[in-house]
Amino acid sequence: MDTNTNQPQATIDIQTDAQGNWEAQFPQNLAPGLHKIIVETENGEQHDMALLNLQVRSQAPIESAPVSYGHYLYPVALLTILVLILAVNNLRLMVKAKKDKRSLEKRQKNMTLVTVLAALFSILVFCFVAYQSGWFKSQASNSDSVQPIYDVPVDKEVGLVDVNGLVLDPLEDVGVAGVDLMVKEVSIRTQEGGAYNFAQIPADSYIRITHPALKKALLKTVWSDGQQQMNILFNIDMLNTLLTVIDLEAAGKYWQIYEYLPEKIKATVHPDIFHEQYVASFTSGDLNQQNIVVNKQEVLDAWRSEGYDVLFEKAVHVEFLNREQKVSYYLVYENNEWKVIK
């Protein structure tokens, strides 16, 4: 199993069912690092299946729960305002008395000094409570409300599922090697055949898809039903073309998107009409600091575009999730290039 033959190896005997499905439990003492999974058949043939990268697991020390200052914020703010009003009023009376050339009693001077010091102390207390309650951080985050979605913690409890399948090229219908898939701390690099397998991952996880030639990382939702095989469609040119169109859409450059239409559709719609009727689903704010979430992928035979009433022999349907909405794009291969239809 290990990539280095001089390192300890583990052998696991597995059996497949009538449908060819199988599963294996890795040893609990498997060291962190990069491991190669090699499948050996009964006749002695060996096939590289995948590279598995186990990250070092760390557990933060248990600390006592921090004191919550949130419920003190508004009472302290109100008290600070009242003390400030009193201090300002005393200073106003002192200034007025000097202008009228009236002498002030020592008691009144002391009272003014006490109110000013109390106001400064109240301001310091308010700043301390606001900082401890996170009020300053929340105000700063309002200017940048878009956060990366991959690392957002999930508070609710979810079930665990097994997800496995193939990374397939929809054009050639063959497995793709060299694609990095990652869920939490476990990452897999596909080998020849494109097989992958994640065991017992949260049902609401994302599979992070990366490749050196891919313009941007993608996140793939997983099925809640772990009994089915989930194939991931992956073609560098196809995905980069799709990402380019989404970037143009987010930038409002619809006239450039027109150039990515198939010739059959260009023959039916004028560029000006295309610009006027185009409905954008992505904006620059949607793509800021975020990865794109792919919800569904499928290959369609004899697909007809309803919007343009044009028939294509084959198309790839990619459905994205954006702001709780499902957005569909269709890709067709024409003259050795990928074209995009929305």
Side-chain angles (χ1 to χ4, degrees), residues 14-26 37 39 47-54 149-152 154 157-211 214 216-236 238-240 242-243 290-301 303 314-322 324-331:
I14 58 175
Q15 293 182 347
T16 60
D17 56 21
Q19 289 75 35
N21 299 319
W22 60 272
E23 63 179 25
Q25 182 68 38
F26 294 119
I37 301 175
V39 177
H47 303 276
D48 292 350
M49 177 181 174
L51 287 179
L52 176 67
N53 187 19
L54 294 181
I149 60 179
Y150 182 67
D151 296 325
V152 173
V154 180
E157 294 184 0
V158 296
L160 300 177
V161 296
D162 296 333
V163 181
N164 60 82
L166 302 174
V167 178
L168 290 175
D169 187 329
L171 190 61
E172 303 293 338
D173 196 27
V174 296
V176 182
V179 180
D180 292 319
L181 308 177
M182 183 174 183
V183 177
K184 303 300 180 181
E185 72 276 5
V186 179
S187 62
I188 295 174
R189 177 169 295 174
T190 59
Q191 301 297 294
E192 184 179 357
Y196 77 92
N197 181 47
F198 289 104
Q200 295 298 286
I201 62 175
D204 61 349
S205 297
Y206 295 103
I207 298 178
R208 185 180 179 89
I209 306 171
T210 57
H211 187 277
L214 190 62
K216 186 180 299 184
L218 297 174
L219 300 179
K220 178 68 179 69
T221 58
V222 303
W223 292 333
S224 58
D225 182 4
Q227 303 302 318
Q228 301 184 39
Q229 178 174 323
M230 187 182 76
N231 292 334
I232 298 175
L233 302 182
F234 188 93
N235 178 284
I236 287 293
M238 179 190 77
L239 293 177
N240 282 340
L242 183 54
L243 291 173
Q290 290 201 33
N291 295 302
I292 299 179
V293 180
V294 178
N295 185 51
K296 184 171 65 173
Q297 297 173 304
E298 58 182 338
V299 177
L300 304 175
D301 294 325
W303 174 74
K314 186 178 181 179
V316 178
H317 173 215
V318 181
E319 181 182 83
F320 295 99
L321 294 180
N322 184 41
E324 299 182 353
Q325 296 181 352
K326 297 179 180 179
V327 185
S328 290
Y329 295 83
Y330 298 86
L331 297 105

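As the structure is a computational prediction, the values presented were derived from the model and not from experiment.
Gln229 and Gly165 get closest at one heavy-atom pair: CG-CA, 3.4 Å. For the residue pair Leu166 and Ala195, the shortest heavy atom distance occurs at CD2-CA, 3.6 Å. Between Ala217 and Arg208, the closest heavy-atom pair is CB-NH2, 3.8 Å.
Between Val163 and the options Lys220, Met230, Gln200, a side-chain contact (heavy atoms from CB on, under 4.5 Å) holds for only Met230.
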query: When you look at Val179 and Leu214, which way does the side-chain contact (heavy atoms from CB on, under 4.5 Å) test go after all the steps?
result: CA-CA 10 Å; Val179 180; Leu214 190 62; over 6 Å; no
query: side-chain contact (heavy atoms from CB on, under 4.5 Å) between Gln297 and Val316: does it pass, once the steps are laid out?
result: CA-CA 7 Å; Gln297 297 173 304; Val316 178; 5.7 Å; no
message: side-chain contact (heavy atoms from CB on, under 4.5 Å) for Leu181 and Phe198? Distances and angles first, verdict last.
response: CA-CA 10 Å; Leu181 308 177; Phe198 289 104; 3.9 Å; yes
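Atoms NE2 and CD1, from His211 and Ile236 in turn, are 4.5 Å apart once rounded to the nearest 0.5 Å. In this structure, Asn322 CG and Asn295 CG are separated by 12.0 Å, a value rounded to the nearest 0.5 Å. Here Lys184 contributes atom NZ and Ile207 contributes atom CD1; the two are 12.0 Å apart, rounded to the nearest 0.5 Å. One finds the CG atom of Leu321 at 10.5 Å from the CG atom of Leu219 (value rounded to the nearest 0.5 Å). Here the straight-line distance linking atom CG of Leu233 with atom CG of Leu239 works out to 8.5 Å at 0.5 Å rounding. Here Ile292 contributes atom CD1 and Leu243 contributes atom CG; the two are 5.0 Å apart, rounded to the nearest 0.5 Å.
Looking at Pro202 and Leu160, their side chains come closer than 4.5 Å, going by heavy atoms from C-beta outward. In this structure, the side chains of Val161 and Ile201 come closer than 4.5 Å at one or more pairs of heavy atoms. Residues Tyr206 and Thr221 have side chains in contact (heavy-atom distance under 4.5 Å, counting atoms from C-beta outward).
By the side chain to side chain contact (heavy atoms under 4.5 Å, CB included) test, Glu298 is found to be paired with Lys296, Leu300, His317, residues two or more places apart in sequence or in another chain being considered. Evaluation of the ring-ring contact (aromatic ring centres under 6.0 Å, His included) rule for Phe320 yields Tyr329 as partners, not counting sequence neighbours. Among residues two or more places apart in sequence or in another chain, the side-chain hydrogen bond (donor to acceptor under 3.5 Å, both in side chains) test is passed with Ser205 by none.
Heavy-atom contacts from other residues, nucleotides or ligands closer than 6.0 Å to NZ of Lys314 number more than 12.
Among pairs with a residue in residues 167-183, those fulfilling side chain to side chain donor-acceptor pair (under 3.5 Å) read Asp169-Asn235, Asp180-Arg189, at least two apart in sequence or across chains.
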